[in-house]
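Presented below is the structure to which this report refers.
Nothing here was measured: the structure is a model prediction, and the numbers come from that model.
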Amino acid sequence: MQKENNKKTKVILVFGGVYSSLGKGVAVSSIAKILKNLGNEISMLKFDPYLNVDPGNMAPGQHGEVYVTKDGAQTDLDLGNYERYIEKELTQASNVTSGRIYNEIIKREREGNYGGKTVQIIPHVTNAIKDKIYHLINTESPNFLVIEIGGTVGDMESAPFIEALSQFIIEYGEQNVLTILLSPLISLNSTSGEVKTKPTQHSVKELRSLGITPNLLILRTGFPVEKSTIVKLSLNCHIPENKIFISSDVKIVYEVPVKFYEQNIHLSIYDYFGLKYDSSKNTFSNWISYINDIKKIENKTKIALVGKYTDLHDAYCSLIEAIKLAGYVIHTNVEIKWIEAEQITKENISELVKDCGGILVPGGFGERGIDQMLIAIKYARENDIPFLGICLGMQLTCIEAARNLLGWENANSTEFNLDTKKRVIDLIDGSFRLGNQTCTIKPKSIAHKLYNSQTIEQRHRHRYALFHNDIIESLETVGIKSTMFGSYHEKQVVEFVENDKLRCFIACQYHPEFHCKPNNVDPIFTYFIEKSAKFFNEKNK
């Protein structure tokens, strides 16, 4: 087991209590954001207790978005939050699942690396978990390593992680590890309206019984919290009143760091670790100004998002944030109209999108909803409505043009019809094309104007692509120009298509949403939202 000796890195552990979906990822990201803006180097780590090795094979409706890091790791969507808040590219090392831990241990056991010993939860699983922490500390040596523990305190699945972290605190030194519990305040509005603190009290007690004492308590709430409630929790949880913080509902998710900062959570963290607070390194005022500017925005627009997984908006988490952030750039609040692809027909498409300024077709897998998405793309093209296709959306853009402009009735992707005689989109080689890939841009194209560069790096997650030269050339004749290319296993893959005769008709194979940060939005989104807002305003004059 790797160990770190100089203890330069201070570790913050964040647990969730009572129930899931508390917004723990945003809370963790917000704490990291504040520390980053105080002049610190930050790294982050997410422990997920599920047995999948990674979420790559999980349905979006089950787990939400699969976020892809620059090194091609398929990870939890919270890594997207981490990257957006601390403006740092993370790697596979920042997301660890139970499945990955067990997979690595079983592989070692099968290779005889345990010398015939009985392989057990303690010490083998717990040591493997601790190794992931020490690896990040040793390789990155950040000032702070912020670790989010997925699941809820008391879950059976989380037990090995909590045991490992209990051991880690002793090994690394309590003075070097700060523990935070995020727990909800519950109000029974249907009866007396009284605030119930007992669930949080039990959650604190449960965590202590597992060998970990929370140093700070964050209360997740949607209503104002009385001083008496803080006093009651302080007495019953044995946590000082000034170490209890409120995470209240906000309209803009990026305001959460401001709310924490106003409560001086950073001073409590510095105080715990015995660190000297240097106000001269504090740049958090820039973030406050950014949030204040957003809150002043009055302009509005609406776009239609035609997707396969619209029942769970988390399936498009990074895309939602990219759209909002692009809107902030042009001082416009963007409303997303969610349209489940299977609802669409040729007869109702005009009614569904009549109040929208643009249409976006995002990524996805499988045959369900494909024909309906093609209807939406055709409608956007024929009516000159600003359009953006991403990944699957780009592939369908090419299929739609092949069918309706070239007259190839059977044009398809081999993902949906292996026997199609017109393979517009085809399997590259059977493996996922993941992570950062270099894209080369044609000069004098919309793509080149957007990126103002000959090459860019973009993240990918796909098996199928447009790479047949005869198809590319045929699409060019009907105005669907391929203006950006990448390569994969010696194949030239189309990365971007555009129709420069329309007000905005663009699509890309890569996932630009994974690159978007509050102060660095991918220009493809800014361009699309700007064109959509203009069209929206023209329609509503």
Side-chain angles (χ1 to χ4, degrees), residues 9-36 40 42-49 75-86 88 90 94-97 129-130 132-133 136-137 142-155 157-166 168-169 172 174 176-185 200 203-204 206-208 210-221 237 239 243-248 253 256-257 259-261 263 265-266 268-273:
T9 298
K10 303 304 179 184
V11 179
I12 299 174
L13 307 176
V14 184
F15 297 86
V18 184
Y19 56 76
S20 59
S21 300
L22 286 173
K24 184 152 38 75
V26 171
V28 168
S29 302
S30 298
I31 292 168
K33 173 65 180 176
I34 295 171
L35 295 173
K36 170 87 171 182
N40 296 291
I42 309 294
S43 192
M44 304 189 73
L45 173 57
K46 172 75 183 288
F47 283 133
D48 271 313
T75 70
D76 184 81
L77 61 84
D78 276 322
L79 266 74
N81 282 322
Y82 301 167
E83 289 200 352
R84 283 187 287 275
Y85 279 74
I86 67 173
K88 174 181 177 178
L90 302 174
S94 288
N95 192 203
V96 178
T97 69
I129 292 169
K130 288 183 287 183
K132 303 301 182 185
I133 303 174
L136 269 176
I137 290 173
N143 299 114
F144 290 94
L145 171 59
V146 186
I147 302 176
E148 177 185 353
I149 296 84
T152 307
V153 171
D155 287 351
E157 293 88 349
S158 300
F161 287 104
I162 293 181
E163 173 60 30
L165 292 168
S166 179
F168 174 77
I169 292 170
Y172 201 64
E174 289 186 27
N176 298 307
V177 185
L178 171 70
T179 299
I180 300 174
L181 177 66
L182 177 68
S183 184
L185 273 183
T200 291
S203 193
V204 171
E206 177 74 16
L207 189 56
R208 281 203 177 103
L210 296 170
I212 297 176
T213 298
N215 308 112
L216 305 183
L217 179 63
I218 298 177
L219 302 174
R220 182 71 181 89
T221 175
C237 297
I239 296 174
K243 305 300 180 187
I244 299 177
F245 302 90
I246 307 300
S247 179
S248 55
V253 72
V256 176
K259 296 296 185 182
F260 283 171
Y261 184 83
Q263 296 173 70
I265 196 170
H266 54 294
S268 288
I269 293 171
Y270 269 58
D271 179 64
Y272 178 86
F273 289 121

message: List the residues meeting ring pair (Phe, Tyr, Trp, His ring centres under 6.0 Å) with Y261, not counting sequence neighbours, and say none if there are none.
response: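 Applying ring pair (Phe, Tyr, Trp, His ring centres under 6.0 Å) to Y261 gives H266, F284.
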
How far apart are the closest heavy atoms of [X] and [Y], and which atoms are they?
| X | Y | answer |
| --- | --- | --- |
| P184 | T200 | O-OG1, 2.9 Å |
| L217 | S183 | CD1-CB, 4.4 Å |
| V96 | F161 | O-CZ, 4.4 Å |
| T213 | T179 | O-CB, 3.7 Å |
| N215 | I239 | O-CG2, 4.0 Å |
| V177 | I169 | CG1-CG1, 3.8 Å |

In Å, rounded to the nearest 0.5 Å, how long is the span from [atom1] of [X] to [atom2] of [Y]?
| X | Y | atom1 | atom2 | value |
| --- | --- | --- | --- | --- |
| M44 | N95 | CE | CG | 11.5 Å |
| N143 | F273 | CG | CZ | 11.5 Å |
| I147 | K46 | CD1 | NZ | 12.5 Å |
| I218 | I180 | CD1 | CD1 | 5.0 Å |
| L216 | L182 | CG | CG | 11.5 Å |
| I133 | F168 | CD1 | CZ | 5.0 Å |

Please list, chain by chain and in numerical order, all residues satisfying side-chain hydrogen bond (donor to acceptor under 3.5 Å, both in side chains) with [X], sequence neighbours excluded.
| X | result |
| --- | --- |
| S43 | E140 |
| E206 | none |
| N40 | Y270 |
| Y82 | E148 |

- request: Show the numbers, then the answer: is there a side-chain contact (heavy atoms from CB on, under 4.5 Å) between D271 and K243?
  value: CA-CA 11 Å; D271 179 64; K243 305 300 180 187; 3.6 Å; yes

Anything under 3.5 Å between a donor and an acceptor, one on a side chain of residues 11-31, the other on a protein residue two or more places apart or in another chain? List them.
residue	atom	partner	partner atom	Å
K24	NZ	I149	O	2.9
S29	OG	G25	O	2.7
S30	OG	V26	O	2.7

- prompt: Any side-chain heavy atom of S94 sitting closer than 4.5 Å to one from L79?
  reply: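 When only atoms from C-beta onward are counted, L79 and S94 do touch, with a gap below 4.5 Å.
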
message: Can you confirm whether L210 sits close enough to S166 that some side-chain heavy atom of one is under 4.5 Å from a side-chain heavy atom of the other?
response: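 Sidechains of S166 and L210: no contact.
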
query: Quick one: side-chain contact (heavy atoms from CB on, under 4.5 Å) partners of A164, sequence neighbours excluded?
result: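 If we apply the side-chain contact (heavy atoms from CB on, under 4.5 Å) test to A164, skipping adjacent residues, the hits are T126, I129, K130.
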
Please identify each residue that fulfils salt bridge (charged side-chain N to carboxylate O under 4.0 Å, His left out) with [X], with sequence neighbours left out.
| X | answer |
| --- | --- |
| R84 | none |
| D155 | none |
| K36 | none |

task: Please test F47 against S158 for side-chain contact (heavy atoms from CB on, under 4.5 Å), starting from the C-alpha separation and ending with a verdict.
output: CA-CA 9 Å; F47 283 133; S158 300; over 6 Å; no

task: Could you tell me whether the side chain of K88 and the main chain of I42 form a donor-acceptor pair under 3.5 Å?
output: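 At least one qualifying donor-acceptor pair exists.
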
- request: Go through N81 and D78 one step at a time and tell me if the side-chain contact (heavy atoms from CB on, under 4.5 Å) criterion holds.
  value: CA-CA 5 Å; N81 282 322; D78 276 322; 3.3 Å; yes

Residue pair K10, L178: steps toward the side-chain contact (heavy atoms from CB on, under 4.5 Å) verdict: CA-CA 8 Å; K10 303 304 179 184; L178 171 70; over 6 Å; no

